[in-house]
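Order of the sequence lines sets the chain letters (A, B, ...), proteins ahead of strands, with each chain counted from 1. Not measured: the values here are computed from a predicted model.
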2 protein chains.
Amino acid sequence: MAPRQPLTRDRVLDAALALAGTDGLAGLSMRKLAKTLGVEAMALYNHVANKTDILNGIADRVFSEIDRADPGLRWDQRARAIAVGMYRALRRHPVVPMAIATSQANLTTLRALQPLDDLTGAFYEAGLDDDGVRQAILAVYSLVFGSLWLTTAGFARDADQAITPEHVDPYLHRLDPDKLPHSSRLLPALAAGGAESDFMRGLDVLIAGLAVLATPRRPSA
Amino acid sequence: MAPRQPLTRDRVLDAALALAGTDGLAGLSMRKLAKTLGVEAMALYNHVANKTDILNGIADRVFSEIDRADPGLRWDQRARAIAVGMYRALRRHPVVPMAIATSQANLTTLRALQPLDDLTGAFYEAGLDDDGVRQAILAVYSLVFGSLWLTTAGFARDADQAITPEHVDPYLHRLDPDKLPHSSRLLPALAAGGAESDFMRGLDVLIAGLAVLATPRRPSA
DNA sequence: ACCTGAACACCGTTCAAGT
DNA sequence: ACCTGAACACCGTTCAAGT
């Protein structure tokens, strides 16, 4: 309640990340954020440029949480580790991918681009050419952000997400088995969840496929 | 300007899709939408329940634009066609994935779930079991929405997107080659673009990998 | 240097009132 | 049945004023 310590940019970002965690992107307003800090909304503008600056700031923070892969690992293990690290960090803070997807935030800082650089390095090391690396990067990033997207959208479910009647996927209830026979059949398996492990399995398939592209000449046959 | 024909739900949705196309999700407000139709904002509530209803309505429309795959095709070709169809329809109307990603819209209608059902059917036909189908569905959906996400976020670029100095990727300018050597090297290839063809190549890799999972016993070796 | 109050131009939505 | 005006509870942001 009482704002004993003086306001700083870091404290604003701390509070913003916390508020976004409880109230979501839609609930993160300058006025509510200020109230959290025991201050009027306009005081925030002494420490951040505007709301976009806040969103960029928390995106930078969350990306900096991503563990860097052990450089001693082989390229495919490294790529896997980076992708899983991104997935987990962004899963903890869904505001960040949401803000970027709606163009409310951009990734411009060094820390936010580090995983991209590491991943790029891994694919160059695999022997892919420029176009191959670009395709590989885009495929991996697509899988990461797409998997997060599905979970956020309520399509996929995490193991830790309780299956309450209310929280049940908007996609899944009232499926008419006559009109949508296949998805009706899939319903129990979909509800069984495991979004993260499904993500990792898809990632493995993708990286294995990229490895084939990277070394097109087979020793045998 | 003059609202000659009476307001209907369909006309509201038409106008909403058009406004979202020009002004984006953030620019789609009830008040501006009403002005487009030559009416006061409150008049809209006679034809739609609320803004969520509008967003669900345009999502339903856009999903119904997706061509259904030829049932005569083999499962992998069918899966590919469905995924490409989804990608293209949603690429034309980026508001829809944005609205779903931010939980402002949900997919509940029959037409919105049809591609999911078709894709599910294709993977069952491939011989995958329930868990395998779920993983395959999630992987393909991830790739589709992730690829769209990357384009929306300005990370990937389409061939038709002009490379203006302003529109240049926020991710790409001012890369410090010393700090981010690999992505700096990749920069020209990234700017060369081709988001859709990259998506399709990633899709091919993924489907090829899923085909291996579907038939784990190899005839040779 | 930092914070506040009042103000501006917006939001979605409700409700009583008009036709 | 359909539309409007006024109102409520919100937004992000600016600016002059306070300390």
Let's see if you can work this out: which of D:dC3, C:dT13, D:dT13 has an atom nearest to the side-chain heavy atoms of B:R31? C:dT13
A:M42 side-chain proximity, nearest of D:dC3, D:dC11, C:dA6: C:dA6
Nearest to side-chain heavy atoms of B:Y45, which nucleotide of D:dG12, D:dT13, C:dT14: C:dT14
Does A:L119 offer a backbone N or O that forms a donor-acceptor pair with the side chain of B:H182 under 3.5 Å? no
Round to the nearest Å and state the distance from A:D23 atom CG to D:dC10 atom C1'. 14 Å
Go through it in stages, so that I can follow the logic: the residues are B:R11 and B:L37, the test is side chain to side chain contact (heavy atoms under 4.5 Å, CB included), and I'd like the CA-CA distance, side-chain angles, deciding distance and then a yes or no. CA-CA 8 Å; B:R11 285 193 59 228; B:L37 291 159; 3.8 Å; yes
For D:dC3, does OP1 or OP2 lie under 4.0 Å from any side-chain N or O of B:H47? yes
Has B:N106 got a side-chain atom pairing as donor or acceptor with B:T108's backbone, closer than 3.5 angstrom? no
How long is the line joining CG of B:L37 and P of D:dT4, in whole Å? 11 Å
Considering only atom P, compute the distance from D:dA9 to C:dA9 and round it to an integer number of Å. 22 Å
Heavy atoms from C-beta onward define the side chain here; which of D:dT13, D:dC11, C:dT13 lies closest to that of A:S29? D:dC11
Rounded to the nearest 0.5 Å, what separation is found between the CZ atom of B:R91 and the OG1 atom of B:T151? 5.0 Å
Can you tell me which stems DNA chain C forms, taking runs of 3 or more consecutive Watson-Crick or G-U pairs with both distances under 3.5 Å? C:4-8 with D:12-16, C:12-16 with D:4-8
C:dT13, D:dT13, C:dC3: which one has an atom nearest the side-chain heavy atoms of A:K51? D:dT13
B:K179 atom NZ: more than 12 heavy-atom contacts under 6.0 Å: no
Would you kindly say whether B:Q135 and B:D131 are connected by a side-chain donor-acceptor distance under 3.5 Å? no
In whole Å, what is the span from the NZ atom of B:K35 to the P atom of D:dT4? 13 Å
Are A:S147 and B:S142 linked by a side-chain donor-acceptor pair shorter than 3.5 Å? yes
Assert: residue with more 5' nearest nucleotide on DNA chain C, out of A:N46 and B:M30, is A:N46
Heavy atoms from C-beta onward define the side chain here; which of D:dT4, C:dT13, C:dT4 lies closest to that of B:E40? D:dT4
Provide, to the nearest angstrom, the distance between the CG atom belonging to B:L7 and the C1' atom belonging to D:dC3. 10 Å
Nearest whole angstrom, please: distance from the P of D:dC11 to the CD1 of A:I54. 13 Å
